[in-house]
Structures are given as C-alpha cells and as structure tokens.
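Quick note on labels: first sequence line is chain A, next is B, and so on, each numbered from 1.
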There are 2 protein chains.
Amino acid sequence: MLKKRNVMTIGTLAKTAGVGVETVRYYQRRGLMSEPEKPYGGIRHYDEQALARLHFIRASQWLGFSLDEIGELLTLQDGAHCDEARELGEQKLTSVRRKISHLQQIERALNELVQKCSAGHGDVYCPLMASLNDGVEDATTDKHKVC
Amino acid sequence: MLKKRNVMTIGTLAKTAGVGVETVRYYQRRGLMSEPEKPYGGIRHYDEQALARLHFIRASQWLGFSLDEIGELLTLQDGAHCDEARELGEQKLTSVRRKISHLQQIERALNELVQKCSAGHGDVYCPLMASLNDGVEDATTDKHKVC
DNA sequence: ATTGCTTCCGTAGTGAGGTACGGGTCTAAG
DNA sequence: CTTAGACCCGTACCTCACTACGGAAGCAAT
C-alpha cells in the first residue's frame, strides 16, 4: 500500500489519515493543504508532510477549532509564535467552557422535567409539555431570556 | 401596539416573541405553525395561541430540540402522550450529557496545552503546536480515535 | 393623494464542513 | 489488450435554521 519513502496517492493519503479523498481536496481548496505539482500528465503524490498536515488539522478540529482558525494556527506553525498560539488556545478554551456551562444549564432543566414526568401525576397533563408551554427556564432556574 | 384581544399582525407577533417576521413565516412553511385565514383581500391576524406556539418552539429549541423534533413534540401536546414526550426528553438528555462529556475532554486537553505554553520553555518550540502535530489526545489522555 | 412602512408570497442565498456526481485520464492486473 | 479501479477536476448538492430579495398590494398618517 505505501510506496517506498511513503510516497502516496491522494487515496492512500486519505485512507491513512482516516478522511475521504474529497475531504483532502476540500482542504486544498480551502488553502489548508498545498497541492503537490502534478508530474508530467499524471497523478500527484503526497509524502509524510502532507500526512502530518492532515493530522494537525484533525487534531485541531477535535479541539474545536474551525477550519478558518486552523488556517490561522498553521501560519504559526514555525514554533516562533507560541504566544499567539496560546492566545488562540485560550480563546477556544473560554468558548468551550461557555458551551459546557450552557449545556449544563440545559441538562439541569431537562433532567428536572423528565423526573417530573416520571413521577406519577394525574395523567391529565404532562409536566414537560406544561413547561414547554410556559417557558422552560421559569420552571427550573431563575428567569433568563430564552437564548 | 397590541390591538384589543391581543389580535396582532405578523410583525407584532414576531416582535412580541422576539423573533423575526421571516422566522415566523419559516415556521409556517415547516408546518410548526398554522397560517390563519386571510380576511378578504388583506392581512392575516394572529392571537395569543400563535404567541404561545412561538414560546413553545423557542423553549424547546433552548433545550436543544431541532425543529423536526419540535414538530414531533407538538403532536404530543394534548397531554395524553406524556410517556412519549418523556422518552424524547430522555433521549435529548442523553445526547446533551454526551456533548458535555465530550466538551469536558476537550477542555482538559486544551487547558493542559495552554498551561504548558504559559510555563516558560526553551522558546524554540511551542508545546501547543507540538501536540497538534503529534495528535492532541496522546498528550493528554489515553489513545482515542480522533473524532 | 402621496409618502412610507407593513404585509404577502415565492424563491434564493448564507455558513460550515463536507459529500456526491460525471466525464475524462491513468495505471496496474490479468 | 482489455478492463477494473484510482485519480483529476469542476460543479452541484447536503443539513440546519434562518435571512434576504423583489415586486405587488394594503394601511396609516400627513
């Protein structure tokens, strides 16, 4: 499968990195990966640097960076911009924490509603539906503007 | 602004509920709200039921339900389907909890990376970048498939 | 009556991150 | 030599929840 010196076609590269061929081409269009020169009339080949780039992208994505942000990270890759990189990381960390606390709010509300529904009740009304009709946040926490 | 008996135009309805006119029309197209009959040659009017429906939709959305799921919830609104409603709520609760734990994993990883970058280091390399190159999850937790 | 804001209605575009298609070319296996 | 399977490339399409556009018609105030 892998040729000597790990020279790969786009298909092999994609499979090795666990993404689709179309995804690699999409990253190229987005400017996140370069397209290797096409040798006379033929098929481009990719090396381990391309694979490393794909790993970088997927790792960054896993951390919640958008493709635009990843593009920015890639310009800092020489290691001489650690401060900028850390700054981006801190911003992302903040946004991740915000998302977590938002979801935790939702979790508390939803949990309470489901509990109420599970507890026996008169059968003529549904506490979950009642809360949805009245506005959920009133039923579970103090008043916040919806969204 | 509100006419007697709270009869509203679509604009007033939308503003009262805190959404855009286009959003109301979009919900109508999606079948989440009905379009009132149009009186001879003119302008539809909306009552408090329409407003309640909008509140229901926004409250459900806040809990993480998609518009399709909200459509399903609306069919259970008579209160006689509490079990089905609770089931949907439990599914959503499960998915919310999955999202939270995923984000917490990310938070731990990102936090560790940012910490490493903040601590003084040789200045010739950036721990954050190094981790992105190597695959983040190795650096912070046991090995998982990226995404 | 004229201005100016709404409403009505269908259709089309947005953003994020891809995925699919189709027609052509290349390469490796038999 | 033929054929199956990659590759190349541009373009279109997908989901989700809206948001915008454009022209016609209504309604409220001046």
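Between A:Asp68 atom CG and C:dA16 atom P the separation is 6 Å, expressed in whole Å. We find that CD of B:Glu69 is positioned 14 Å from C1' of D:dA17, with the value rounded to whole Å. Between the CD atom of B:Glu37 and the P atom of C:dC9 there is a distance of 11 Å, given to the nearest Å. Look at CG on A:Leu13: it is 16 Å from P on D:dA6, rounded to the nearest Å. What separates CG of A:Leu54 from P of C:dG17 is a distance of 16 Å, to the nearest Å. Between A:Glu35 atom CD and D:dC8 atom P the separation is 9 Å, expressed in whole Å. In this structure, B:Ile10 atom CD1 and D:dG26 atom P are separated by 18 Å, rounded to whole Å. One interatomic measurement links the two molecules: CD1 of B:Ile57 to P of D:dC16, which rounds to 17 Å at whole-angstrom precision.
For DNA chain C, the residues of residues 22-31 of chain A within the heavy-atom distance limit of 4.0 Å (strictly under) are A:Glu22, A:Thr23, A:Tyr26, A:Tyr27, A:Arg29, sorted by number.
Residues passing the side-chain hydrogen bond (donor to acceptor under 3.5 Å, both in side chains) test with A:Gln77, sequence neighbours excluded: B:Asn133. Listed by chain and number, the residues in a side-chain hydrogen bond (donor to acceptor under 3.5 Å, both in side chains) with B:Thr94 amount to none (sequence neighbours excluded). Under the side-chain hydrogen bond (donor to acceptor under 3.5 Å, both in side chains) criterion, A:Gln91 pairs with A:Glu87, sequence neighbours left out.
From B:Leu88, atom CG reaches atom CG of B:Leu63 across 12.0 Å, with rounding to the nearest 0.5 Å.
An OP1 or OP2 oxygen of D:dC7 is reached within less than 4.0 angstrom by no side-chain nitrogen or oxygen of A:Lys38.
When each of B:His45 and A:Phe65 is assigned the nucleotide of DNA chain C bearing its nearest heavy atom, the one mapping closer to the 5' terminus is B:His45.
Salt-bridge formation is not detected for the pair A:Arg108/A:Glu112: no Lys NZ or Arg NE/NH1/NH2 atom is positioned less than 4.0 Å from an Asp or Glu carboxylate oxygen.
Between the side chain of B:Arg53 and the backbone N or O of B:Met33, no donor-acceptor pair lies under 3.5 Å. No donor-acceptor pair closer than 3.5 Å links the side chain of A:Lys92 to the backbone N or O of A:Phe65.
Under the 4.5 Å side-chain heavy-atom criterion for ILVMFWY residues, a single connected hydrophobic cluster contains both A:Leu32 and A:Ile10.
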Distances under 3.5 Å between protein N/O atoms and the N/O atoms of nucleotides 24-27 of chain C, please, pair by pair.
{"residue": "C:dC26", "atom": "OP1", "partner": "A:Gly41", "partner atom": "O", "Å": "3.2"}

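When each of C:dC8, D:dA17, D:dC7 is scored by its nearest atom to the side-chain atoms of B:Gln61, the top-ranked nucleotide is D:dA17.
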Residues 17-29 of chain B, side-chain donor-acceptor partners within the protein, below 3.5 Å, at least two apart:
{"residue": "B:Tyr26", "atom": "OH", "partner": "B:Arg30", "partner atom": "NH1", "Å": "2.9"}
{"residue": "B:Tyr27", "atom": "OH", "partner": "B:Arg58", "partner atom": "NH1", "Å": "2.6"}
{"residue": "B:Gln28", "atom": "NE2", "partner": "B:Tyr46", "partner atom": "OH", "Å": "3.0"}

